Every structure is written in C-alpha cells, then in structure tokens.
Enquirer: 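This is the structure I want to talk about, given as structure tokens.
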Amino acid sequence: MRVSRLMLVTLRDDPAEAEIPSHKLLLRAGYIRRVGSGIYAYLPLLWRVLQKISTIVREELNATGALETLLPQLQPAELWQRSGRWAGYTDGEGIMFHLEDRQGRELGLGPTHEEVITALAGDLLRSYRQLPVNLYQIQTKFRDEIRPRFGLMRGREFIMKDAYSFHADEACLKQTYGAMDQAYRRIFSRCGLRAVAVEADSGAIGGSASQEFMVTADAGEDLILASSDRRYAANQERAVSRPADPVPLAGGPRAGGSGEPLATPGQTSIEQLCSAHGFDPSQTVKVLALLARFEDGCLQPLLISLRGDQQLNEVKLANAVSARCSAEHGTLLDIAPLTAEAANREGLAPLPFGFMGPHLSDAVLSGAASWTPRFLRLADGTATALETFVCGGNCGDTHLVAAAWGGIGPAPESLDLRSAQPGDRCQHDSTQLLEASRGIEVGHIFQLGRKYSAALEATFTNEAGQEEPLWMGCYGIGVSRLAQAAVEQHHDANGICWPTAIAPYEVIVVIANVAEEHQNQLGEQLYAELQSAGVDVLLDDRSERAGVKFKDADLLGIPWRVVVGRGAASGVVELVERATGEKREFPANTLQETLLARLLPERSGLLEASGP
RNA sequence: CGGGGCGUGGCGCAGCUUGGUAGCGCGGGUGCUUUGGGAGCACUAGGUCGCAGGUUCGAAUCCUGUCGCCCCGACCA
C-alpha cells in the first residue's frame with residue numbers, strides 16, 4: 001500500500017478527549033475516530049490490526065477443535081426471560097440495549113450470547129455421542145456501559161471473541177477449560193503481550209471457577225494481587241489472604257461479655273474512636289448497614305460486621321447475599337449504603353449511625369414501609385474470631401469496651417468478606433506477601449456448569465438413556481480491547497511499537513526525497529520485491545520532507561523501516577528497527593534476505609517469554 | 001446516578017473576571033525557496049463562539065434552561 005493512498009491523517013497534538021497513552025496514540029496515528037461516547041470507527045489501519053489478532057485467535061482455537069460460527073446480535077427478549085436475565089440486564093444498572101419492533105415485540109442487542117447458543121445447543125445436541133462441542137464467534141457486542149472510557153478499553157460497542165463449550169460431564173468441561181487456558185496463553189503470547197492469568201470472580205455470568213487474563217499496564221482498571229513466588233495471583237475482587245494478627249485487648253471480656261459502656265461523643269469513625277482512646281483498629285468491630293435490592297422488588301437490610309482494620313469486599317458480599325436470597329427474590333440488582341434519609345422515608349426511628357453494634361436489634365426495622373423488617377446479618381471471619389472487642393453501643397455517643405460474642409448476642413454467620421490488601425501474607429505460604437499491580441482484562445474463561453442449560457432446558461441423553469442438562473463453559477477475549485492493550489504495553493515517546501505479529505504493516509519503505517529519481521526508482525523496486533515476497537509493506541511515496549515521514553513512521557509503529565535516501569545512488573539503504581531504534585546500512589540487493597530472516601520468526605509471534 | 005471539568009474554523013488553545021461584533025499555533029489550498037527527524041516566505045480559504053430563551057442600545061463574554069463530551073466512583077471483554 002502506498003501511504004499517499006492510505007487516507008492517513010495524523011495529529012501533532014494530543015486530542016483533548018484522550019487521557020492514557022494508548023488512546024492518545026491510536027487517535028494521533030489515525031487508527032480510530034470517536035463517533036459517540038464509547039463508539040469508535042476502526043479506521044483501515046486498525047482494521048488490519050484487528051484482522052491479524054482475529055487470525056491468531058482463529059488459528060489457536062481451531063487447533064483445539066473449536067468451531068467458528070456467527071450468531072445474531074438482535075435477540076428476542078423471550079430467550080432472556082427464560083434464562084432469568086432479562087430483568088437484571090435491562091432494569092437497574094442493566095447493560096443491555098433493548099428496543100421494541102413495530103409489532104411491539106421486545107428485543108435486546110446482544111451483550112453476550114449464552115442464551116442464543118444454549119437454546120441452539122439444546123436443539124441440536126441430543127446425545128452424549130455428539131459431545132463435547134466448542135463453538136466460537138468473533139463479532140461486535142453491545143453493552144450500555146455506565147461509563148465508557150479510555151477509547152477501545154471500555155466501549156459501548158466492541159469486538160469480542162466469545163466461545164461456548166458443551167459437555168456430558170464436569171470432567172470433560174474441566175478438560176476443555178484447561179485447553180482454553182493453554183490456547184489463551186498462546187494467543188496472548190503470539191500477539192506479543194505480557195499477560196498473567198489470575199483467579200477471578202465470575203460476576204453476572206455466574207458459574208464456578210473462572211480465570212482472567214490480564215495485560216499488565218499502569219492504565220489497567222483492575223488491581224491484581226500476586227505473591228512474589230508467582231504461585232498465587234488473583235483479582236482483588238476475589239483475592240484471599242491471611243489477615244494481620246489482631247492486637248489483643250488486655251483484660252478479657254468485661255461485664256460478662258456485654259461490654260462496658262464508654263462515652264465517645266462525636267466519635268463516629270474507627271479512626272476517631274481509636275485515636276481518642278488509644279485502641280488499635282484491630283481491637284474493634286465495625287458495623288455497616290446496607291440495603292440490597294432484588295429483581296422482585298424486595299429490599300433487604302444488611303448488617304455487616306468487620307474487624308475495624310479491615311475493608312469490606314463488595315464483590316464477596318454481593319456473592320454471599322445472592323447465594324442466600326436469589327432463590328427467593330431473583331437477581332440481586334445492587335447493594336447500597338443504608339442512609340439516614342432512606343430510613344427516615346421508611347418511617348423508621350433514627351438509627352445510631354456511627355455507634356452501631358453487631359447486636360443492633362431487628363426492632364429498629366419494625367414498621368418499615370417497604371423493607372424486609374429483619375437484618376441479614378453477616379460477619380467477616382476476622383470479626384467473629386475476636387475474643388473480645390470494642391463496638392458501637394447502639395445508642396448515640398456510646399461504645400462498648402471488651403464486649404464478646406455471646407455476651408452481646410450470638411455471633412453472625414461468619415465468612416470471608418474482607419478485601420485482601422497489598423502486603424498481606426499469602427494463604428499458601430505465610431512468608432510470601434501479596435504485591436499489587438494493575439492489569440487490563442483481555443480474556444476471561446468460566447466453568448459455567450448447568451446454570452443456563454437448566455434454565456433453558458438444554459438437555460441431552462446420557463449413556464444411561466436419561467435426560468440431563470448440558471455442562472457448559474464460556475470463554476471470552478476482548479479483541480478490540482486487546483489491540484489497545486498492546487499499544488499500552490508497546491509504545492515510547494515517539495509513538496506505537498507494534499509487535500510484528502499484529503502490526504498493520506510489517507515494513508515501511510520510506511523514500512527520503514521523492515524528487516530524487518534514484519531514490520524513487522530504488523524505493524519502488526524494493527517495495528515491489530517485498531510485496532512479491534509476501535511481506536505486508538507500505539511505501540511512503542508522499543512528497544513530504546524526510547523528517548515528516550520519519551515522524552509518521554514512528555508514530556504509526558511499523559516494526560521495520562527501510563530508508564531509501566542518500567545512499568540510493570550507490571545502492572545502499574538503511575534498515576531501522578522501530579522498537580529498539582537500531583540502524584544498519586545494507587546493499588539494497590541483500591535487504592530482502594536480511595529482513596525476512598528477522599521477520600519470519602517475529603511473524604509467528606511466540607515470544608521470547610515462551611522461548612527455548 | 002453522585003462528585004469535578006470542558007464545549008470558540010479540521011485539531012490544540014486564548015479571549016469571558018471588567019459586554020462593543022473573534023484571535024493564536026498546527027492543519028488545508030496556491031506559488032517560490034528548501035529537501036535525513038513534524039521547513040521558510042508570501043498569498044488564500046475556513047467560525048450562526050454546542051443549542052434555546054432572557055437581560056442589554058449591544059452578548060463568545062452576564063442570567064436561566066437544555067444537549068453533548070471528558071475525568072473520579074458503582075458495571076465489565
């Protein structure tokens with residue numbers, strides 16, 4: 001391709017709309033244009049990148065025996081109502097764009113395809129003899145994101161590879177899950193990305209085991225916690241650790257465990273309480289009042305106890321609340337702090353905010369207009385493990401010192417609700433500490449189990465002749481996000497440095513001065529030769545000054561640059577490697593050999609990392 | 001949705017406090033010179049100052065409303 005015909009529009013200044021390097025560079029180098037919030041045009045250069053990534057994804061998935069397909073994006077509401085996700089995905093903070101056709105039928109624009117694929121699988125897969133099957137597609141997904149940001153990182157329309165596998169039993173599912181894990185590692189490696197696999201929460205999709213693939217980058221939206229020996233890595237949403245030991249409260253329980261009242265005027269936070277009376281935060285129990293809202297309209301007050309020095313992990317809490325209530329009340333829509341104003345609107349007497357203890361009576365909820373008049377009481381294990389502690393006295397300006405479970409009432413149900421923090425000791429080895437880094441989630445694999453197949457009655461006949469729901473897995477890769485993540489990981493002050501395997505072009509031949517006939521002729525000749533050797537090559541034939549063309553070549557990030565300039569008359573050209581800046585001069589007639597020797601291994605991708 | 005910010009030629013910005021009819025840099029076009037790291041000179045085209053009301057003799061500037069976009073939080077490939 002000739003640069004003069006490429007519709008190349010590069011920008012000298014950073015566009016005001018972009019914040020992070022990859023977003024700025026993709027805009028400046030003419031790879032993308034914003035059409036609306038979270039909606040981008042993939043310009044010809046980026047489309048080539050996306051196609052190269054897609055090819056790698058196809059090759060690796062096909063090698064595992066997966067089948068490519070293409071499913072509809074416009075999906076009937078009825079399908080989603082059957083799986084029970086229509087309400088959750090359209091009400092509340094639902095992410096599904098939905099519409100009505102002129103017959104008044106409701107339709108959704110696919111944010112994911114579990115429903116469609118499971119319905120099809122239920123139709124087509126009837127016998128264990130047909131299993132396992134793994135289907136995938138690469139296409140645009142639509143999600144009404146609460147806040148689109150960072151260009152392609154979180155768009156409302158984006159390209160995703162999604163795959164769904166179907167199995168006769170769980171062992172087979174685990175086998176395919178493992179194969180996908182390996183395929184994903186090869187895909188990211190071939191794309192030139194440094195990616196790490198981390199344990200993850202399953203989120204709205206549900207299911208049991210799940211693992212995310214994170215491209216490490218400062219601009220990443222997720223916090224990864226990993227042990228220094230690399231044997232453990234998890235998303236903070238999911239991460240577990242050993243909490244620091246509490247500082248024991250001297251003297252044991254007082255007043256038979258019901259605690260001794262202490263005047264704490266205006267001391268509504270753990271910090272204020274501790275600094276006023278010399279307590280350590282780990283000697284206290286803090287109590288959070290929250291309100292869970294469900295699909296069926298149920299509003300369930302929550303009373304959560306945590307050790308004072310710990311932070312609540314909202315993902316763990318949401319999972320715990322769903323597990324206890326969703327069977328009766330449907331999808332958990334959200335959990336929000338229970339505020340004084342909300343309590344007032346319910347017609348309740350004021351709650352002792354800032355002085356709540358774990359034994360706050362359900363009586364404070366009696367007469368509530370719409371809430372369930374009983375707290376769901378849960379506690380983190382660090383709180384229930386305390387023999388004695390300081391907690392709120394359930395009336396204004398009073399705390400209880402040296403209270404104990406049993407003395408103030410029974411301990412709530414105990415589970416892991418705390419956020420693991422950088423610096424915490426690891427569970428697998430307490431000499432290892434968790435270290436934090438940031439990551440961009442580019443892939444996520446799930447063992448879904450039978451959630452969707454049971455809901456949509458997608459069954460098969462097993463070896464014993466009985467009908468049972470299919471076992472399912474699902475596996476996603478954010479293709480357009482991956483392209484931007486690659487830029488985030490591979491750029492410098494002058495522009496993008498694409499890994500060769502996903503670069504839009506592999507080589508750019510720059511004619512320094514098109515007015516010089518020698519240069520022109522030699523440039524054209526090299527361009528033709530590289531093309532016929534199967535190289536993806538650009539020819540910068542524009543009548544710009546050399547400096548402009550060099551700047552553009554660097555900004556675009558083409559891995560190899562061949563400069564046809566002063567040496568052209570004597571048949572000498574210069575070869576420059578974008579990533580390192582390394583320059584070497586060659587006789588033009590040996591260029592192709594030298595270049596191909598470098599290009600061929602780079603093209604196949606498999607990185608230094610997985611090396612010999 | 002809560003909090004913060006911004007809308008002025010294609011892009012990046014100034015002007016707004018203290019109203020007087022719009023400017024700078026980059027980019028575009030033409031010509032000459034230049035030609036290995038975003039060239040120089042000259043000429044030139046291009047803007048209902050997001051939109052709608054209001055105040056005023058007069059509004060980019062002040063007031064009200066509205067729309068759009070960006071950043072921080074909740075959502076996720």
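Here is the naming used below: chain letters follow the sequence lines, and residue numbers restart at 1 for every chain. Computed from a prediction, not measured in an experiment: that's the story for all the values here.
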Enquirer: Mind running a 4.0 Å heavy-atom check of residues 545-555 of chain A against RNA chain B and sending the residues that fall below it, in number order?
Expert: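 Correct list: A:Arg545, A:Ala546, A:Gly547, A:Val548, A:Phe550, A:Lys551, A:Asp552, A:Asp554, A:Leu555.
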Enquirer: Taking B:rU21 as the reference, what is the distance to B:rG25 when you measure between their C1' atoms (whole Å, please)?
Expert: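 Straight-line distance between the two C1' atoms is 24 Å.
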Enquirer: Atom pairs, N/O to N/O, protein against nucleotides 2-12 of chain B, distance under 3.5 Å?
Expert:
from	atom 1	to	atom 2	distance (Å)
B:rG12	OP1	A:Ala16	N	3.1

Enquirer: Can you name the ring-ring contact (aromatic ring centres under 6.0 Å, His included) partners of A:Tyr527, sequence neighbours left out?
Expert: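 ring-ring contact (aromatic ring centres under 6.0 Å, His included) list for A:Tyr527, sorted by chain: empty.
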Enquirer: Using the P atom on both, measure B:rG15 against B:rU34 and round to a whole Å.
Expert: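 So the two P atoms sit 41 Å from each other.
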Enquirer: What's the CZ-C1' distance between A:Arg566 and B:rG36, to the nearest Å?
Expert: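 Answer to the nearest Å: 5 Å.
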Enquirer: When the distance from CG of A:Asn313 to P of B:rA74 is rounded to whole Å, what number comes out?
Expert: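 Computing the A:Asn313:CG to B:rA74:P distance gives 11 Å.
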Enquirer: Could you check whether A:Arg561 makes a cation-pi contact with A:Phe550, meaning its NZ or CZ is under 6.0 Å from the centre of the six-membered ring and within 45° of the ring axis?
Expert: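 Yes.
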Enquirer: Between A:Gly151 and A:Glu585, which has a closest nucleotide on RNA chain B that is more 5'?
Expert: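 The residue whose closest nucleotide sits nearer the 5' end is A:Glu585.
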Enquirer: Going by the rule side-chain contact (heavy atoms from CB on, under 4.5 Å), which residues pair with A:Ala501 if we only count those two or more places apart in sequence or in a different chain?
Expert: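 Partners of A:Ala501 under the side-chain contact (heavy atoms from CB on, under 4.5 Å) test: A:Ile56.
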Enquirer: Suppose you measure atom P in B:rA74 against the same atom in B:rA52; what distance do you get, rounded to whole Å?
Expert: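 Their P atoms lie roughly 38 Å apart.
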Enquirer: Hey, does the side-chain of A:Glu574 have a donor or acceptor N/O within less than 3.5 Å of a partner on the base of B:rG36?
Expert: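 Per atom types, the contact qualifies.
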Enquirer: A:Asp13: what forms a side-chain contact (heavy atoms from CB on, under 4.5 Å) with it, not counting sequence neighbours?
Expert: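 Scan of A:Asp13 (side-chain contact (heavy atoms from CB on, under 4.5 Å), adjacent residues dropped) gives none.
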Enquirer: Using the P atom as the point on both nucleotides, what is the distance between B:rA22 and B:rG27, in whole Å?
Expert: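 That atom pair is separated by 26 Å.
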Enquirer: So which pairs with a foot in residues 473-493 of chain A pass salt bridge (charged side-chain N to carboxylate O under 4.0 Å, His left out), sequence neighbours left out?
Expert: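 For residues 473-493 of chain A, and leaving out neighbouring residues, the salt bridge (charged side-chain N to carboxylate O under 4.0 Å, His left out) pairs sorted by first residue read A:Asp492-A:Arg578.
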Enquirer: Can you tell me how far C1' in B:rG54 sits from the matching atom in B:rG3, rounded to whole Å?
Expert: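 Result for the C1' pair: 30 Å, nearest Å.
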Enquirer: Using the test ring-ring contact (aromatic ring centres under 6.0 Å, His included), find all partners of A:His518 that sit at least two apart in sequence or belong to another chain.
Expert: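 Scan of A:His518 (ring-ring contact (aromatic ring centres under 6.0 Å, His included), adjacent residues dropped) gives none.
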Enquirer: Looking at B:rC26, does its base get a donor-acceptor pair with the side chain of A:Arg12 below 3.5 Å?
Expert: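 Counting by modelled atom types and ignoring angles, no donor-acceptor contact under 3.5 Å is found here.
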Enquirer: Going by distance alone, is a donor N or O of one side chain under 3.5 Å from an acceptor N or O of the other, for A:Tyr452 and A:Arg85?
Expert: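 Yes, because at least one side-chain N or O of A:Tyr452 sits under 3.5 Å from a partner of the opposite role on A:Arg85.
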Enquirer: Just to verify, what does A:Trp80 make a ring-ring contact (aromatic ring centres under 6.0 Å, His included) with, not counting sequence neighbours?
Expert: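 For A:Trp80, the residues satisfying ring-ring contact (aromatic ring centres under 6.0 Å, His included) (neighbours in sequence not counted) are A:Tyr89.
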Enquirer: Between atom CD1 in A:Ile445 and atom P in B:rC76, what is the gap in whole Å?
Expert: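 Atom CD1 in A:Ile445 sits about 18 Å away from atom P in B:rC76.
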Enquirer: Report yes if a side-chain nitrogen or oxygen of A:Ser37 is closer than 4.0 Å to either non-bridging phosphate oxygen (OP1 or OP2) of B:rC70; otherwise report no.
Expert: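 Result: yes.
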Enquirer: I'd like to know if A:Arg34 reaches the base of B:rG68 with its side chain such that a donor and an acceptor end up less than 3.5 angstrom apart.
Expert: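 Between B:rG68 and A:Arg34, which were checked side chain against base, a qualifying N/O pair under 3.5 Å is absent.
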Enquirer: Say we look at B:rC63 and B:rG2: how far apart would their P atoms be, to the nearest angstrom?
Expert: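 My reading of the P atoms in B:rC63 and B:rG2 gives 22 Å.
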Enquirer: Taking CZ from A:Arg481 and C1' from B:rC76, how many angstroms apart are they, rounded to a whole number?
Expert: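 To the nearest whole Å, that distance equals 6 Å.
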Enquirer: When all nucleic acid strands are considered with a 4.0 Å heavy-atom cut-off, which category describes A:Thr10: base, sugar-phosphate, or nothing?
Expert: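 Contact class for A:Thr10: base.
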Enquirer: Counting C-beta onward and ignoring hydrogens, is there a side-chain heavy-atom pair between A:Val573 and A:Val563 closer than 4.5 Å?
Expert: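 Result no, sub-4.5 Å side-chain heavy-atom pair not found.
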Enquirer: Who does B:rC6 pair with, Watson-Crick or G-U, both distances under 3.5 Å?
Expert: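 Paired with B:rG68.
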Enquirer: Under 3.5 Å for both donor-acceptor distances, Watson-Crick or wobble: does B:rC1 have a partner, and if so which one?
Expert: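 Across all strands, the one nucleotide that pairs with B:rC1 is B:rG73.
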Enquirer: Rounded to whole angstrom units, what separation is found between the CG atom of A:Leu8 and the P atom of B:rG38?
Expert: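 Computing the A:Leu8:CG to B:rG38:P distance gives 18 Å.
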Enquirer: Partner of B:rU17 by Watson-Crick or G-U wobble geometry, both contacts under 3.5 Å, or none?
Expert: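 Answer to the pairing question: none, since B:rU17 forms no Watson-Crick or G-U pair.
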Enquirer: P atom, B:rG40 versus B:rU35: distance in rounded Å?
Expert: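 Here B:rG40 and B:rU35 have their P atoms 14 Å from each other.
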Enquirer: Taking any heavy-atom pair under 4.0 Å as a contact, classify A:Phe150: base, sugar-phosphate, or nothing.
Expert: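 Result for A:Phe150 = sugar-phosphate.
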Enquirer: When you compare B:rU56 with B:rC16, how far apart are their P atoms, in angstrom units rounded to a whole number?
Expert: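 The answer is 24 Å between these two P atoms.
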Enquirer: With RNA chain B as reference, determine whether A:Gly565 or A:Gly478 sits nearer its 5' end, using the nearest nucleotide of each.
Expert: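 So the residue in question is A:Gly565.
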Enquirer: What contact category does A:Val563 fall into here, base, sugar-phosphate, or nothing, at under 4.0 angstrom with non-hydrogen atoms?
Expert: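 Since a base atom lies under 4.0 Å of A:Val563, the category is base.
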Enquirer: Take atom CG of A:Leu223 and atom P of B:rC76, then tell me their distance rounded to the nearest Å.
Expert: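 Value for this atom pair: 17 Å.
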Enquirer: Kindly state which residues belonging to residues 491-498 of chain A come within less than 4.0 angstrom of RNA chain B, counting heavy atoms of the residue only, listed by number.
Expert: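 Those residues whose heavy atoms fall under 4.0 Å from RNA chain B, taken from residues 491-498 of chain A, amount to none.
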Enquirer: Using both distances under 3.5 Å as the test, list the Watson-Crick or G-U wobble partner of B:rC32, or none.
Expert: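 By the stated definition (distances under 3.5 Å), B:rG40 pairs with B:rC32.
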Enquirer: Do the charged groups of A:Arg566 and A:Glu585 touch, with an N to O distance under 4.0 Å?
Expert: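 No, A:Arg566 and A:Glu585 are not salt-bridged.
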Enquirer: Can you name the side-chain contact (heavy atoms from CB on, under 4.5 Å) partners of A:Ala323, sequence neighbours left out?
Expert: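 Per chain and number, A:Ala323 pairs via side-chain contact (heavy atoms from CB on, under 4.5 Å) with no residue.
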Enquirer: If the test is side-chain hydrogen bond (donor to acceptor under 3.5 Å, both in side chains), which one of A:Gln139, A:Lys141, A:His444 qualifies with A:Asp162?
Expert: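 For A:Asp162, the side-chain hydrogen bond (donor to acceptor under 3.5 Å, both in side chains) test succeeds with only one of A:Gln139, A:Lys141, A:His444, which is A:Lys141.
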Enquirer: Without decimals, in angstroms, what is the distance between A:Gln137 CD and B:rA77 P?
Expert: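 It is 15 Å, rounded to the nearest whole Å.
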Enquirer: Considering residues at least two apart in sequence or located in another chain, which fulfil the ring-ring contact (aromatic ring centres under 6.0 Å, His included) criterion with A:Tyr164?
Expert: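 Counting only residues at least two positions away or on another chain, A:Tyr164 forms no ring-ring contact (aromatic ring centres under 6.0 Å, His included).
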Enquirer: Considering Watson-Crick and G-U wobble pairs with both distances under 3.5 Å, what does B:rU61 pair with?
Expert: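 B:rU61 is unpaired by these criteria.
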Enquirer: May I ask you to check whether A:Tyr31 and A:Trp498 place their ring centres under 6.0 Å from each other?
Expert: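 Under 6.0 Å, so yes.
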Enquirer: Would you say the base of B:rG37 and the side-chain of A:Arg561 have a donor-acceptor pair closer than 3.5 Å?
Expert: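 Pair found.
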Enquirer: A:Glu441 side chain: which of B:rG38, B:rC71, B:rA77 is closest?
Expert: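 Nearest nucleotide to the side chain: B:rA77.
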Enquirer: Sequence neighbours left out, what passes side-chain contact (heavy atoms from CB on, under 4.5 Å) with A:Asp181? Give chain and number order.
Expert: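 By the side-chain contact (heavy atoms from CB on, under 4.5 Å) rule, A:Asp181 matches A:Arg185, A:Gln211, A:Phe213, A:Ile445.
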Enquirer: Between atom CG in A:Asn235 and atom C1' in B:rC75, what is the gap in whole Å?
Expert: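 It works out to 13 Å between those atoms.
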